[in-house]
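For ligands, and for the atoms within them, numbers begin at 1 and follow the listed sequence. These numbers were taken from a predicted model, which means no experiment stands behind them.
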Amino acid sequence: MKKIIIANWKMNPTTPRAALRLMGKVARGLRGIKNVEVILAPPFVFLPILRHTPYAIRHMFKLGAQDVFYEREGAFTGEVAPPQLKASGARMVVIGHSERRAMGETDDAVNKKIKAVLESGMRAVLCVGEKERKASEVFPKVVREELLGGIRKIKKSLLANFIIAYEPVWAISSNARGKADTPKNVYEMAILIRRELYRALGKRAASKIPVLYGGSVDEKNAAEFVAKGAIDGLLVGGASLNAKKFVSLVKAVDKIK
Ligand code: PGA
């Protein structure tokens, strides 16, 4: 199976022109990669522009969104619905990112969003992660809660399009002390997350769910995380805004056997 690398551009860049330039540079740098599926998740407003570039049309990249609302249409000022995202070119949605949870997103809202996205035929990426690492907690309680809360009552038949991203909040580069986790710890967490998914969903459904890591991933540590971390890919924030860094990051993962 190809590794998955998602570029979470967050609220960047400022203009459509800059978004096109970034995508173009990344695309030219990544011609010929074989073993990695790259998904770019720009701000909503850039999706319709980026989807009409030759790179998107030739399926070199897929496009994704960083959030969504769970209703299909109606009086929900400021929200964006799954069918609207799909019609704008998104094939994947990141849900429950810690930056959204910090603004008040609950496990219940995350669960509804996951359902809505899967039902509309896009892939849903559920972000889970603890705020602090405590030596006494082998498998942080909050990670279990976010995981089980996110998948509550979701039909197994929809889970073929489901992805988990383990993102310890303390490891995200925009945090004052943000520092990447270690591949060893990511390996252990990926196993614990998979074990929890087996329990909740049964081995058959759970074994197909990719588990990604995110948090200060860059061109220097990406390959090691994938090679030693027992994960299926990466969710990259800061380093995805620098075309040169992002291209070498993806190429490093592409080389892993
Ligand atoms: P980072 O962000 O790579 O800048 O740490 C990851 C994320 O927040 O998804």
Side-chain angles (χ1 to χ4, degrees), residues 3-14 18-19 22 26 36-44 46-47 61-68 90-105 110 113-114 117 123-133 140 142-143 146-147 150 162-183 185-186 189-190 193 210-226 229 231-253:
K3 299 295 179 199
I4 300 166
I5 298 185
I6 302 173
N8 177 10
W9 287 3
K10 306 195 179 181
M11 205 170 68
N12 303 289
T14 310
L22 176 56
V26 170
V36 182
E37 177 183 10
V38 179
I39 306 175
L40 302 183
F44 293 142
F46 298 146
L47 284 169
F61 299 123
K62 290 197 182 78
L63 294 173
Q66 303 164 18
D67 188 28
V68 66
R91 294 290 167 265
M92 179 264 342
V93 184
V94 173
I95 300 170
H97 189 280
S98 57
E99 286 155 15
R100 299 223 54 84
R101 293 185 192 262
M103 288 184 234
E105 182 149 88
V110 167
K113 290 179 179 189
I114 293 172
V117 163
R123 285 197 274 177
V125 182
L126 165 63
C127 299
V128 299
E130 76 283 1
K131 287 206 184 75
E132 293 171 73
R133 171 69 37 92
V142 64
V143 174
E146 288 176 348
L147 207 54
F162 187 57
I163 297 172
I164 302 281
Y166 171 58
E167 287 214 315
V169 183
W170 52 266
I172 293 179
S173 70
S174 51
N175 289 340
R177 283 175 288 129
K179 187 171 165 286
D181 203 345
T182 60
N185 189 60
V186 168
M189 285 299 295
I193 287 171
V211 178
L212 317 183
Y213 165 72
S216 298
V217 174
D218 60 22
E219 71 284 12
K220 298 185 200 92
N221 61 21
E224 204 185 353
F225 274 120
V226 175
I231 46 169
D232 303 295
L234 302 163
L235 178 52
V236 185
S240 73
L241 294 170
N242 178 319
K244 220 170 139 195
K245 280 192 182 173
F246 188 65
V247 165
S248 47
L249 184 163
V250 174
K251 281 187 168 165
V253 175

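Here the CD1 atom belonging to I193 is positioned 11.5 Å from the OH atom belonging to Y213, to the nearest 0.5 angstrom.
Salt-bridge annotation for R91 and E37: absent, with no side-chain N of the basic residue lying under 4.0 Å from a carboxylate O of the acidic one.
Listed by number with element, the atoms of ligand 1 under 4.0 Å from a non-hydrogen atom of G238 are 1 (P), 3 (O), 4 (O). In summary, the atoms of ligand 1 found under 4.0 Å from a heavy atom of L235, numbered by their order in the structure, are 9 (O).
Scanning the protein heavy atoms around atom 3 (O) of ligand 1, the nearest turns out to be G237 N, 2.8 Å. Scanning all protein heavy atoms for the shortest distance to atom 4 (O) of ligand 1 gives S173 OG, 2.5 Å. Among protein heavy atoms, the minimum distance from atom 9 (O) of ligand 1 is reached at E167 OE2, 2.8 Å.
Only the side chain of N8 comes within 4.0 Å of ligand 1, counting heavy atoms alone; its backbone N, CA, C and O stay farther away.
Under the side-chain contact (heavy atoms from CB on, under 4.5 Å) criterion, A7 pairs with W9, L40, S240, F246, not counting sequence neighbours.
Side-chain contact check for H97 and Q66: no donor-acceptor pair (N or O, by modelled atom type) lies under 3.5 Å.
For the pair N221 (side chain) and E224 (backbone), a donor-acceptor distance under 3.5 Å is absent. Judged by distance alone, with hydrogens and angles left aside, the side-chain atoms of D181 form no donor-acceptor pair with the main-chain N or O of G215 at under 3.5 Å.
Remark: distances from the non-hydrogen atoms of S174 to ligand 1 are all 4.0 Å or more. For G215, the closest heavy-atom approach to ligand 1 falls below 4.0 Å.
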